[in-house]
Amino acid sequence: MKTDRLTLASLCYLYVPIGLFLIFWIKPFLALPLTVLLAVGIRYFVRQPVCNASRGSAFSRTEWLILATGALFWAWVSGIGAFVPQYGDYDKHNLVFHDLITHPWPVVYQNDRFNDPFLCYYLAYYLPTAAVVRLFHLSFETAEWVSFLWGWLGVWLALGWAARLSKNYRVWIAVGLPFLSGVEVLLRLFWSLYIDFHWQLPAWLRAVFQNRIPGYTRYETPRLAFSNQNFAQSIDPAPLIMQLQAVPQHALGGWIAMGLLVFWQRRKASPVALAFVVVATLLWSPFVTIGLGLWLLFTEKKLHRLTSESQPVFLAGSLLLMGLLGSFYHAHFPILYRGFIFEAFEKPADPVLYIVYWGFQLWVGALLFRWYNRQTGGMHTGERMILTAAVSMQVLSLVYMGRWNDFQNRTMIPAQFLYYLVLANGFVHWLLSPKRTVSGWFLAAWVVIGLYVPCRVLAYKLWSIHVPQPITRSMEKATTNFGETDMSRMRPHETIDAGTDYAAQYVGRRDSFFYRYLLRKAID
C-alpha cells in the first residue's frame, strides 16, 4: 500500500519529540524498546489496510505553495520566533526554551525549596528546537529561527489537514481558517455598553473604533466567571488565532492530531490505530489528549476490537506510553483543582445563564449550519462533525481546572478546530451557491461576526512590530530564572501575577516514582 505522506509527516511531527524525550530523559531499559515499538507503530499506521481506500485528489504544487505561504504568515503573525510581539505567556515559555538549551538533559535544578526538582512540563513543542540548537552549539538568540521553522512546519501540517478535510477552495479555506472565531465578543461589547457607558451609544461606538472598551478586558457577566481561591477565569473559549499565538505547544499538536483522526476515521481505519494518534499528543498537551479521547469515544464504538496483526503494536505502544507519561505528570507538584463548574452554581439563575451563554457561543452556529445544510441537501458528514464537535465542547466546558492550567480551553482545541472548519466550508458553499437562501444569509452573518477578534489581533500585531520581544524582556522582568537557585519570584506579569509562584508550574518532585525509577541519572 502506498504511504500517505501527509500522515507520515504528521505522525513524525507528533512522535519525534517523544523519541527525544525517551532517548535523553528516560532510562534505556524502557526507552529503547518503547522507541522501537513506536517507530514500528508509525510504519504500520501509514501502511495499514483500510476499508475505504478513497484518498481524495492530491495537492498540486500550487496548492502546497499556498499552504506553505499561509502557514508562514500565521506562524510569523502569531509570534513564533519572536519576529513580531509575542503573547504574554511567552515570558514564561521562553524560560523553558532557555533551560532546555542551556542545561544538561534531563534538566534537574538545585533548589532547596523544592528539594532539587526536575523540569516537568509539556515538553514536546520545545524539545526539537532545543535539540537542534544544542547539537550545532547555536546561541540562544539563534534558537528563535529554529523555533520559527519548527512552528512553521507544524502550522503547515495543520493547514494541510484542514485543506484535506475540505472541498471547494480547500487551500483557501485552510489558510483563512484562523480568521474564524466565536462571537463571545458581542456579549463583551454589549456588557460594556451597559456597565461602562450606561447605554450612551455614541461614546460607546467611539470607544469601539478606538479600541478602548474596558469591558473587553475585564468582562465578567454575573456568575459566568468562577473563582478558585484568588484566581478568577471566565469561560470564554479561545479562538484559533489566540490558541496559536498564546499556546502553540497545545494548539499545533491538537490541530494536527484532529486532522489525522477525522481523515482516517473517514477511511474506516482501525479504532485502536486511531487511539495511537490520540496518545501521540500526551507529551504535547495531556489536556488536548483528553479532548481527542472524548471525540474518539463519541465517534467509535469498537475501540476494544483487535482486527489485524498490527493491532497489538498500537495497543502496547499506547498503553506503555500512557503509563510512562502518566507517571511523568503525576510527579508534578500538586496544583489545586476546582472540579466541575456546576459545583460553583449558587442560585437557580446560574445554570440558566450558563446554558444561554454557551448556546449563544456554540449551538447557534451549529444549528445555523444544520438549517442551511438541510435546505441545500449537502454536507451530511459535515453536519455530523459540527454537532459532535459542539457536544464535545459543551461537555468539556463543564470541567474547570485550577490555578494555572486552563483545562477548558486546552481540551476544546481539537473540537474547535473541526467546528470552525465545518463553518468555513458551509460559508464557502454558500458563497459559491447560485441561490441565496435565508438560512445561508444567517450562517454567513454568523461567520462574519466572528472575524472581529482575529482581525483585531492581526491589526495589533502589525501595529506593534517595534515592541521589544519577550526573549529579551522575559529575562529582564523575571526576578529569577528556572536555572537559578531561587525560583520563587518569577513574575512575568508584574501587575496581574505579583503574588503568583510560577516556578511550581514547571517542576516535578524528586521523591516521585518517575524520578526514582524512570528518569535518567540526575545531574549533580
Between CG on residue L418 and CD1 on residue I386, distance to nearest 0.5 Å: 8.5 Å

L138 side, atom CG; T129 side, atom OG1 - distance, nearest 0.5 Å: 11.0 Å

Parallel, tilted or perpendicular: rings of F276 and F314 (30°, 60°): tilted

Full working for side-chain contact (heavy atoms from CB on, under 4.5 Å) between Q311 and S270: CA-CA 8 Å; Q311 302 291 314; S270 159; 2.7 Å; yes

Listed partners of R370 passing salt bridge (charged side-chain N to carboxylate O under 4.0 Å, His left out), at least two apart: E383

Results of ring-ring contact (aromatic ring centres under 6.0 Å, His included) for F514 - residues two or more places apart only: F118, F328

Beyond-backbone contact of M385 with L421, side-chain heavy atoms, under 4.5 angstrom: no

CG on L443 to CG on L367, rounded to 0.5 Å: 11.5 Å

N/O donor-acceptor pair under 3.5 Å between S433 side chain and H429 backbone: no

Side chain to side chain, L431 and Y169, heavy atoms closer than 4.5 Å: no

Over-ring placement of R509 relative to Y515, 6.0 Å and 45° cut-offs: no

side-chain contact (heavy atoms from CB on, under 4.5 Å) evaluation trace for V46 with D4: CA-CA 6 Å; V46 297; D4 186 278; 5.6 Å; no

Lys/Arg cation over aromatic W64: R61, 6.0 Å, 45° cone: no

Qualifying residues under ring-ring contact (aromatic ring centres under 6.0 Å, His included), relative to Y517, sequence neighbours excluded: F513

Aromatic ring pairing F417/W255, orientation class (parallel under 30°, perpendicular over 60°, tilted between): parallel

Any side-chain donor near an acceptor of the partner, D99 and Y506, under 3.5 Å: no

L396 CG to M412 CE distance, which is reported to the nearest 0.5 Å: 6.0 Å

side-chain contact (heavy atoms from CB on, under 4.5 Å) assessment of N115 paired with D511: CA-CA 9 Å; N115 190 26; D511 62 352; 5.5 Å; no

Distance-minimising heavy-atom pair for A131 and L20: CB-CD1, 4.0 Å

Results of side-chain hydrogen bond (donor to acceptor under 3.5 Å, both in side chains) for T142 - residues two or more places apart only: S139

Any side-chain heavy-atom pair of I101 and V133 under 4.5 Å: yes

Partners meeting side-chain hydrogen bond (donor to acceptor under 3.5 Å, both in side chains) with S147 (sequence neighbours left out): none

Name of the residue among Y420, F73, W172, W74 meeting ring-ring contact (aromatic ring centres under 6.0 Å, His included) with F179: W74

Side-chain heavy atoms of I66 within contact of R170, under 4.5 Å: no

Expected output: side-chain Y126 to main-chain Q249 donor-acceptor under 3.5 Å: no

side-chain hydrogen bond (donor to acceptor under 3.5 Å, both in side chains) involving S285 - partner list, sequence neighbours excluded: H250

Listed partners of I18 passing side-chain contact (heavy atoms from CB on, under 4.5 Å), at least two apart: Y15, L22, L38, L283, L321

Minimum-distance pair of heavy atoms, taken over all atoms of M242 and A238: CB-CB, 4.3 Å

For L30, all residues meeting side-chain contact (heavy atoms from CB on, under 4.5 Å), sequence neighbours excluded: I26, L324, L518

Within the 6.0 Å centroid threshold, strictly below: F114 and Y109: no

G254 versus I413, closest heavy-atom pair with distance: CA-CG2, 4.2 Å

Q243 and Q416, any side-chain heavy atoms less than 4.5 Å apart: yes

Side-chain heavy-atom pair W150, Y125 within 4.5 angstrom cut-off: yes

Exam field: side chain R510 to backbone D116, donor-acceptor pair closer than 3.5 Å: yes

Residues forming a side-chain contact (heavy atoms from CB on, under 4.5 Å) with S439, sequence neighbours excluded: W371, Y372, Q375, T437

From L260 atom CG to T281 atom OG1, the distance as rounded to the nearest 0.5 Å: 11.0 Å

Which atom of P17 lies closest to which atom of A124, heavy atoms considered: CB-O, 3.2 Å

Step-by-step ring-ring contact (aromatic ring centres under 6.0 Å, His included) determination, F45 to W264: CA-CA 10 Å; F45 190 98; W264 282 89; 5.1 Å; yes

Contacts of W295 that satisfy side-chain hydrogen bond (donor to acceptor under 3.5 Å, both in side chains) - sequence neighbours left out: Q265

Where L14 and G253 come nearest, the two heavy atoms and their spacing: CD2-CA, 3.9 Å

More than 12 heavy atoms from other groups under 6.0 Å of CZ on F29: yes

Close side-chain approach of S166 and N425, heavy atoms under 4.5 Å: yes

Shortest non-hydrogen contact between W161 and S10, atoms and distance: NE1-OG, 2.7 Å

For V391, all residues meeting side-chain contact (heavy atoms from CB on, under 4.5 Å), sequence neighbours excluded: F298, W363, V395

Side chain proximity check, Y121 to H93, heavy atoms < 4.5 angstrom: yes

Contacts of type ring-ring contact (aromatic ring centres under 6.0 Å, His included), residue W284, not counting sequence neighbours: Y13

Distance, nearest 0.5 Å, that separates CG of L261 from CD of E300: 7.5 Å

Any donor-acceptor pair under 3.5 Å from T289 side chain to V279 backbone: no

R134 atom CZ, over 12 foreign heavy atoms within 6.0 Å: yes

Ring centres under 6.0 angstrom apart (F427, W446): no

Test log, rule side-chain contact (heavy atoms from CB on, under 4.5 Å), inputs L240 and L180: CA-CA 7 Å; L240 300 183; L180 272 67; 5.6 Å; no

